[in-house]
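Notes for the one structure printed next.
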Amino acid sequence: MRIAMIGTGYVGLVSGACFADFGHQVTCVDKDAVKIAALCRGEIPIFEPGLDALVATNVKASRLDFTTDLTGPVAEADAVFIAVGTPSRRGDGHADLSYVYAAAREIAAAIRGFTVVITKSTVPVGTGDEVERLIFEANPSADAVVASNPEFLREGAAIRDFKFPDRIVIGTSDERGRKVLGDIYRPLSLNQAPLMFTVRRTAELIKYAANAFLATKITFINEIADLSEKVGADIQEVARGIGLDNRIGTKFLHAGPGYGGSCFPKDTRALVKIAEDHDAQLRVVESVVAVNDNRKRAMARKVAHALGDNLRNKTIAVLGLAFKPDTDDMREAPSIPLITGLCDMGAKVRAFDPASMKEARRELPDIDYCDDAYSCADGADALVIVTEWVQFRALDLPRLKRIMKQPIVVDLRNIYRAEDMQDLGFVYESIGRNKSKNV
Ligand SMILES: NC(=O)c1ccc[n+]([C@@H]2O[C@H](COP(=O)([O-])OP(=O)(O)OC[C@H]3O[C@@H](n4cnc5c(N)ncnc54)[C@H](O)[C@@H]3O)[C@@H](O)[C@H]2O)c1
């Protein structure tokens, strides 16, 4: 199969490289000339474990290339995937579809022969109808089918998720479209990945419903964590105790500072707007959005509380900035409202993240960046663990205690045991675990 991937961000680059690895001929297209030039030099613009090797192997085998011009690749393609961004529209929270529609118009003009155009971007229900309308408006004689194939990969584990997906959702009722997409994904049937064919609108809604459900699970356990703290229960045991029930499951039950990232915040907001547009109300999802937004800034108050509610001229060391480990993605990271909140209360903030500091400098230009966890903690009044990178799970705690001005640790990911920290002489705060009330 010949594939053109329009948009070479996290999803486009990972999907393109994986499709090439399956043996397809893939061209990744992006408007961003700097990104494409870097990729042509063999540089990977994002941090994603294993991606550099996967791209290099497939470029070397001449199955993968990069360009800024979609004309040739689209003309030759059997399948054109749209994997451009769908960020929150400024002001109202709707998904901004301008990139998708612009890509659709450009694709329409370049199509030659039978082509399946597939939206891989997360798009509101009905977007496929509009993409189809735009394509036939711009090119009435095009022989094209528009399908939906939402992507479920997670940053940080993207290649594995793409190659061993829980399911592949394909939304089209057109037989020719189903055949092309079935052929593209056939290599995955060896991994027993279930291919689910459905109609386009159902596929579009599946993606939003999945993200909203996961965001709800996280938000639910976060609220139960707050209650645990008040009543003297241990949230990790509560999570395990409910998660072992197969109907609930143990995943996405880790209490923390609130969800962030490039998908959950914008997709939950967009889903609420989709429902409003269709005269339906999603009260649960509305609450999830509101609770999560409040939570991120509340984390700054939690840190202030650990320091006697006075942060003026205090130095706070923050470990972890990316919205989760193994990525450099700072989009809607909980670290941003947390650090802004700390600064607003008069604190001086220093931070270290193994991968995201370049990205972070754009979002948080006024804090100090350190070379490692220890230089970050040196002389600090408190240490806050925000992202649970593996290297923060085994810090030299006696060393930390020696170099910090005050031995206060606020662990927003519950990666240490309260008893161990207290034995070492730390004042230790975490999420949903209040030792003093534990009986
Ligand atoms: N990041 C994730 O983990 C993830 C997971 C599943 C789904 N998604 C969805 O996939 C979509 C893409 O997300 P992303 O994180 O890869 O975005 P991204 O911002 O990393 O990449 C989008 C790319 O599209 C390019 N682009 C925009 N318009 C273009 C055009 N007309 N022609 C060519 N290139 C164009 C941009 O320059 C950018 O490089 C979104 O809808 C997102 O919700 C993302």
Side-chain angles (χ1 to χ4, degrees), residues 4-18 27-39 44-49 51 66-71 73-74 80-89 94-110 117-124 127-128 131 134 138 148-162 165-169 203-204 206-212 214-215 259-271 274 322-324 326-333 359:
M5 184 66 64
I6 313 303
T8 308
Y10 278 87
V11 166
L13 184 55
V14 171
S15 311
C18 289
T27 299
C28 285
V29 183
D30 205 289
K31 284 246 170 285
D32 184 339
V34 175
K35 192 179 267 189
I36 292 299
L39 283 161
I44 305 296
I46 52 171
F47 179 88
E48 181 62 43
L51 188 57
F66 304 98
T67 177
T68 53
D69 182 8
L70 61 66
T71 320
V74 168
V80 180
F81 285 86
I82 300 177
V84 301
T86 49
S88 274
R89 196 162 67 188
H94 275 276
D96 179 351
L97 294 172
S98 55
Y99 302 100
V100 172
Y101 294 154
R105 287 192 191 92
E106 288 177 54
I107 292 164
V117 179
I118 307 116
T119 39
K120 200 167 237 329
S121 302
T122 303
V123 292
T127 303
V131 167
L134 288 169
S148 163
N149 169 223
E151 183 49 58
F152 299 97
L153 63 78
R154 293 164 301 168
E155 289 174 20
I159 295 168
R160 205 182 179 286
D161 283 354
F162 197 90
D166 292 332
R167 78 306 207 184
I168 298 151
V169 175
E204 289 169 339
I206 285 172
K207 174 64 192 179
Y208 278 107
N211 274 1
L214 294 172
Y259 62 77
S262 64
C263 291
F264 287 177
K266 79 170 173 66
D267 291 347
T268 43
R269 282 196 290 266
L271 182 57
I274 295 168
F323 84 93
K324 67 174 181 182
D326 292 327
T327 180
D328 58 355
D329 202 332
M330 284 294 294
R331 287 178 278 185
E332 307 227 22
E359 301 295 316

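Remember, it's 1-based here, ligands and their atoms both numbered in the order they're listed.
Taking every heavy atom of L153 and a limit of under 4.0 angstrom, the matching atoms of ligand 1 come to 3 (O), 5 (C). Listed by atom number, the atoms of ligand 1 under 4.0 Å from Y10 heavy atoms are 1 (N), 15 (O), 16 (O), 20 (O). Interface of I6 with ligand 1, defined as ligand atoms under 4.0 Å from a residue heavy atom, comprises 32 (N), 33 (C). Residue G7 approaches ligand 1 through these ligand atoms, each under 4.0 Å from one of its heavy atoms: 24 (O), 25 (C), 33 (C), 34 (N). Per-residue contacts place G9 under 4.0 angstrom from the following atoms of ligand 1 (heavy atoms of the residue considered): 16 (O), 18 (P), 20 (O), 21 (O), 23 (C). Residue S262 has at least one heavy-atom neighbour below 4.0 Å for each of these atoms of ligand 1: 1 (N), 2 (C).
The residue from R331, R154, K31, K120 that puts a heavy atom closest to atom 33 (C) of ligand 1 is K31. Comparing heavy-atom distances from atom 37 (O) of ligand 1 across D161, N211, D30, L97 singles out D30 as nearest.
Proximity of a side-chain donor or acceptor of S88 to a complementary backbone N or O of A95 within less than 3.5 Å is not detected. Side-chain N or O atoms of N149 include one that pairs as donor or acceptor with a backbone N or O of V169 at under 3.5 Å. Looking at S15, its side chain never comes within 3.5 Å of a backbone N or O of G12 through a donor-acceptor pair.
When only interatomic distances are considered, the shortest N/O to N/O separation between D267 and ligand 1 does not fall below 3.5 Å. The N/O atoms of K207, backbone and side chain alike, include none that comes under 3.5 Å of an N/O atom in ligand 1. Here's the thing with K266: one of its N/O atoms is less than 3.5 angstrom from an N/O atom of ligand 1. Below 3.5 Å of separation, one finds an N or O of K35 facing an N or O of ligand 1.
In this structure, S121 and V84 approach most closely via the heavy-atom pair OG-O, 2.6 Å. Between A108 and A138, the shortest heavy-atom distance links the atoms CB-CB, 3.7 Å. I159 and E48 get closest at one heavy-atom pair: N-OE2, 4.5 Å.
Summary of contacts: the protein heavy atom closest to atom 2 (C) of ligand 1 is E155 OE2, 3.4 Å. Atom 9 (C) of ligand 1 has its closest protein heavy atom at T122 OG1, 3.5 Å. Here the protein heavy atom with the shortest distance to atom 40 (C) of ligand 1 is T86 OG1, 3.5 Å. Protein heavy atom closest to atom 11 (C) of ligand 1, with residue, atom name and distance, is V84 O, 3.4 Å. The protein heavy-atom contact nearest to atom 22 (C) of ligand 1 is G85 N, 3.6 Å. In terms of protein heavy atoms, atom 10 (O) of ligand 1 is closest to V11 CG2, 3.5 Å. At the top of the distance list for atom 31 (N) of ligand 1, counting protein heavy atoms only, stands E106 OE2, 3.6 Å. Residue, atom and distance of the protein heavy atom nearest to atom 6 (C) of ligand 1 are E151 O, 3.2 Å.
For C263, the heavy-atom gap to ligand 1 drops under 4.0 angstrom.
At least one side-chain heavy atom of I44 sits under 4.5 Å from a side-chain heavy atom of L13. Counting heavy atoms from C-beta on, the side chains of R331 and Y10 come closer than 4.5 Å. You'll find the side chain of T86 reaches within 4.5 Å of the side chain of K266, heavy atoms only.
Contacts of S121 with ligand 1, taken as heavy-atom pairs under 4.0 Å, involve both backbone and side chain.
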Open item on the list: What verdict does the side-chain contact (heavy atoms from CB on, under 4.5 Å) test give for F152 and R167, after you've listed the backbone C-alpha separation in whole Å, the side-chain angles of each residue and the deciding distance to 0.1 Å?
Closed with: CA-CA 9 Å; F152 299 97; R167 78 306 207 184; 3.3 Å; yes
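Side-chain contact check for T67 and D69: no donor-acceptor pair (N or O, by modelled atom type) lies under 3.5 Å. Counting only N and O atoms by type, the side chains of S262 and E155 include a donor and acceptor under 3.5 Å apart.
Here the straight-line distance linking atom OG1 of T122 with atom CD1 of I206 works out to 12.5 Å at 0.5 Å rounding.
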